[in-house]
Enquirer: 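My questions all concern the structure below.
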Amino acid sequence: MDLKSLLNREQYEAATTIDGPLLILAGAGSGKTRVLTYRVAHMIEDLGIYPSEILAITFTNKAAGEMKDRIRGLVGNEVEGMWISTFHSSCVRILRREIDKLGYNKNFAIYDSYDQKVLVKQCMEELDINDKDITDREIINKISGQKDILVSPEQFKKENEGNFRTNRIADVYLLYQKKLKDNNALDFDDLIYKTVQLFKDYPEVLGFYQRKFKYIMVDEYQDTNRSQYEFIRLLAQGYKNICVVGDDDQCIYAWRGADVKNILDFEKDYPNAKVIKLEQNYRSKGNILRAANDVISNNTYRKKKVLRTENENGDKIKLYRAYSDMDEGRYVAFKIKDILARDKGKQYKDFAVLYRTNAQSRIFEDAFMKANIPYRIIGGLKFYDRKEIKDIMAYLKFINNPLDDISLKRIINVPKRSIGDSTVQKIQNFASSMEESLYNVILDVDEVSSLSKRSVNSIKKFVSIINSFIKSRDKVPVSSLIKEILDITGYLEGLKDSEEADNVSRVENLKELVSAASEFEAVSEDTSLSAFLEKVTLVSDIDNFDEDADSVVLMTVHSAKGLEFPIVFMVGMENGIFPGMQSLDNPKEMEESRRLCYVGITRAKEQLYMTSAETRRVFGRMVSYEQSNFIDEISRELKEYDTVGKSRINNFPNNVLNNNDFLWKKRSNSRNLSEPSGVSAEKDISSDRYLKPDGIREGIKVRHSKFGVGTIVSVSRNGSDIKLTIVFDKMGIKNLMYGIVPLEAV
DNA sequence: AACGGTGCTATTTTT
DNA sequence: TAGCACCGTT
């Protein structure tokens, strides 16, 4: 492989240094993925290293998948023998083989944050801890934090003997951990923690993996926490062929336990480590890169480096100070339309809107809907977090691992089968006194004398359907199992009969779950139920981000790490939002916020916009924040205010600021944007164009000014109110009240 | 057991 | 504003 011609000098050096510890400090956009993939290809092709001897750790499944694809492109199917996965997936893989040594069963469940919360609450109740003294949230954070730094419950309790409050938390930690074990479950943090414990307690297991993985690579090393660090350190002790890649300036997960020290102290951990800096940026235009350098240079705790580029300067960074959050949304929508109109080479997918908090997405959703701009939101409410999906997943989890009391409690009365809280409580008490799982108790429910006849009967019915599912578990594919559950429990029927406004979309979501399972069956080697559950619990939203779909993408700056876009809008650039309120008086947080800003800026290839608003609604209150200090940190000559519409805007006194439709209309008229909607005052609902109440029928097609064309799927009349559920071709399912926004019949 | 009302709280979240 | 958790009523 002629790496010399494919890589620059530093890159080449990095890709061909295979033996011994290596630290690659890779600035944003410096081609680190390229280096990593060529490095692996070189190892396999030129040096004859077996793929099975290589472990590559990434932070997201998506990054792992991409790296795998790219390596496959270079070396072919040999890539299949390699382990390329996230910390969590690698640990699960190891634990599935070895966890019985720690007293767990190999089909252990993985608890997500929802399960975790339920279990912690249960512990708090048993320990009689009032929610008002210590919140569940605080406890969860504390426990997670201790696991991150590998502190056991016992150790934590001992360390905090003097502190009553912390001692209480330690009691929860102890009980929580015991319950996890009783339920044969691990939480996310446990996946790493338990693997490290396994390595420490069973040297022969560690030895096996040390010998197996002669070569180890870790990407995004700056965002590793202590337990992840330890996991890698133990494995690498064998051969010391460890290559870590990262950028201390992009450490943005310190609040979650990531420790920049891991990367900064690498040379101390491995004194003979070679260090290579990749400072040549291939991604961004000069002005953008200089702005990024300007901002990050204000941080004190970092390795000094300056990114350089041979790219042309490009345009200056465009600033826009909107009057209001709504105006900010319209500005971005307008700009996207404007750029698309001028530059035929651009598509919707070339634009990204990056914000610091998910709550900010709404404004842009509204603006994009009005302007007919297709968009996708990454993050926020995830598919697998929806109630109906969680319900069915709880069935699956329980079927897979009947010791899982948390899932059992979730489904025992869903759909309603007259097994209420007090009944469950009685079963729980009985189970606790017998030190038994709930499932074992309900299998022999006659033993529980405190229950009424009626309850006993309901429970018996429930047990028999659950048992039938358990029987099907290993016989039928997951998708069929899901269908069985939906059918036999009456879950789907209950949903279809319900009057709830969003039941239609729930049914749709469940259909999608079935499709997801079918797809899983088609592409996976291991199609067992536990493989499906594992896959689902360990995916994130960003993993499903499809770069080819032609729509503007909206996401948090955190989610955008590792991605790049020709045109980036960083929005909400205000002191109080970005940096956030709580960062303003905390130097450490301020530095992290600044790194986040750096990550945002360096996502942009060609053009960067930074916007802020004079007033905005936050938690229902109107607030006004000044423009972000981070913008001030960018040299004057690199930025300029976008003057579009400014003169007009300045002519408006403050009291018309809320009249958004008015502003929108003015702007769109002068800029040839699509017809704005929601200007209800101008639309006469009785006009012949629009649908009349007596014309409303299920199945007919209508046009909505914001949502486009759709089909009415249900109509419910309540007095003079008419509720409509409409499936829109582009925008999905919406519930609307007739008469608010006129509908045209089509 | 099930439903509806009130009041409280509020980042970021690779897994 | 919105989502939820808890409480009291039917």
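Each chain gets a letter, A, B and so on, in the order its sequence line appears, and its residues count up from 1.
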Enquirer: Taking 5.5 Å and 30° as the limits, would you call Trp255(A) and the base of dT11(B) a stacked pair?
Expert: no
Enquirer: Scan nucleotides 1-10 of chain C nucleotide by nucleotide, 5' to 3', and note B when protein non-hydrogen atoms come under 4.0 Å of the base, S if they reach only the sugar-phosphate, - if neither.
Expert: BS--SS----
Enquirer: Below 4.0 angstrom, N of the basic side chain to O of the carboxylate: do Arg617(A) and Asp325(A) qualify?
Expert: no
Enquirer: Salt bridge check: are Asp219(A) and Lys32(A) linked by an N-O gap of less than 4.0 Å?
Expert: yes
Enquirer: Counting only side-chain nitrogens and oxygens, does Thr556(A) get under 4.0 Å of the OP1 or OP2 atom of dT13(B)?
Expert: yes
Enquirer: Rounding to a whole Å, what distance do you find between Met590(A):CE and dT12(B):P?
Expert: 18 Å
Enquirer: Salt bridge or not between Glu574(A) and Arg616(A)? Use side-chain N to carboxylate O under 4.0 Å.
Expert: yes
Enquirer: Checking all strands, does Thr423(A) fall into the base, sugar-phosphate, or nothing category for heavy-atom contacts under 4.0 angstrom?
Expert: sugar-phosphate
Enquirer: How is Asn358(A) classified with respect to the nucleic acid when contacts are heavy atoms under 4.0 Å: base, sugar-phosphate, or nothing?
Expert: sugar-phosphate
Enquirer: Find which nucleotide of DNA chain B each of Ser113(A) and Arg356(A) is nearest to by heavy atoms, and output the residue with the more 5' nucleotide.
Expert: Arg356(A)
Enquirer: So that I can tick it off, tell me whether Glu138(A) and Lys142(A) are bridged by a salt bridge, with the cut-off set at under 4.0 angstrom between side-chain N and carboxylate O.
Expert: no
Enquirer: Does a salt bridge link Glu230(A) with Arg233(A), judged by any charged N lying under 4.0 Å from a carboxylate O?
Expert: yes
Enquirer: Rounded to the Å, how far apart are Phe59(A) CZ and dT13(B) P?
Expert: 15 Å
Enquirer: So, for Leu235(A) and Leu55(A), which heavy atoms are closest and what is the spacing to 0.1 Å?
Expert: CD1-CD2, 3.7 Å
Enquirer: One thing to verify: whether Asp115(A) and Arg410(A) come together as a salt bridge, which I'm taking to mean a side-chain N less than 4.0 angstrom from a carboxylate O.
Expert: no
Enquirer: Over how many whole Å does the gap from Asp385(A) atom CG to dT13(B) atom C1' extend?
Expert: 11 Å
Enquirer: How is Asp189(A) classified with respect to the nucleic acid when contacts are heavy atoms under 4.0 Å: base, sugar-phosphate, or nothing?
Expert: nothing
Enquirer: Check the orientation of Tyr355(A) and Phe364(A). Use parallel for under 30°, tilted for 30 to 60°, and perpendicular for over 60°.
Expert: parallel
Enquirer: Ignoring backbone atoms, test whether Ser559(A) places a side-chain nitrogen or oxygen under 4.0 Å from the OP1 or OP2 oxygen of dT13(B).
Expert: yes
Enquirer: May I ask you to say whether Arg302(A) pairs ionically with Asp249(A), meaning some side-chain N is under 4.0 Å from a carboxylate O?
Expert: yes
Enquirer: Can you measure Asn225(A) atom CG to dT14(B) atom C1' for me and round it to whole angstrom units?
Expert: 12 Å
Enquirer: Choosing from dT14(B), dT12(B), dA2(B), which nucleotide comes nearest the side chain of Tyr253(A)?
Expert: dT14(B)
Enquirer: Looking at Lys416(A), I'd like to know whether one of its side-chain N or O atoms comes within less than 4.0 Å of OP1 or OP2 on dC3(B).
Expert: yes
Enquirer: What's Glu589(A) touching, base or sugar-phosphate or nothing? Going by heavy atoms closer than 4.0 Å.
Expert: base
Enquirer: Measure the spacing between CG of Asp404(A) and OH of Tyr111(A) and express it to the nearest 0.5 Å.
Expert: 3.0 Å
Enquirer: Around atom CZ of Arg226(A), are there more than 12 heavy atoms of other residues, nucleotides or ligands at under 6.0 Å?
Expert: no
Enquirer: Quick test: give all pairs of protein nitrogen or oxygen and nucleotides 7-9 of chain B nitrogen or oxygen below 3.5 Å, distance rounded to 0.1 Å.
Expert:
none

Enquirer: Within residues 592-600 of chain A, find the residues that approach DNA chain B with a heavy atom at under 4.0 Å, and present them sorted by residue number.
Expert: none
Enquirer: Atom NZ of Lys588(A) to atom C1' of dT12(B): distance rounded to whole Å?
Expert: 18 Å
Enquirer: Check the distance between dT14(B)'s C1' and Tyr384(A)'s OH and give it to me in whole angstrom.
Expert: 18 Å
Enquirer: Given atom CG of Asn141(A) and atom P of dT11(B), what is their separation to the nearest angstrom?
Expert: 12 Å
Enquirer: Without decimals, in angstroms, what is the distance between Asp148(A) CG and dT14(B) C1'?
Expert: 13 Å
Enquirer: Could you check whether Lys370(A) pairs with Asp366(A) (Lys NZ or Arg NE/NH1/NH2 to Asp/Glu carboxylate O, under 4.0 Å)?
Expert: no
Enquirer: By nearest nucleotide on DNA chain B, pick out whichever of Asn413(A) and Thr537(A) is the more 5' one.
Expert: Asn413(A)
Enquirer: Taking the six-membered ring of Phe108(A), is the NZ or CZ of Arg96(A) close enough (under 6.0 Å from the centre) and on axis enough (within 45°)?
Expert: yes
Enquirer: With sugar-phosphate meaning primed atoms plus P, OP1 and OP2, does Ser583(A) contact a base, only sugar-phosphate, or nothing at under 4.0 Å between heavy atoms?
Expert: nothing
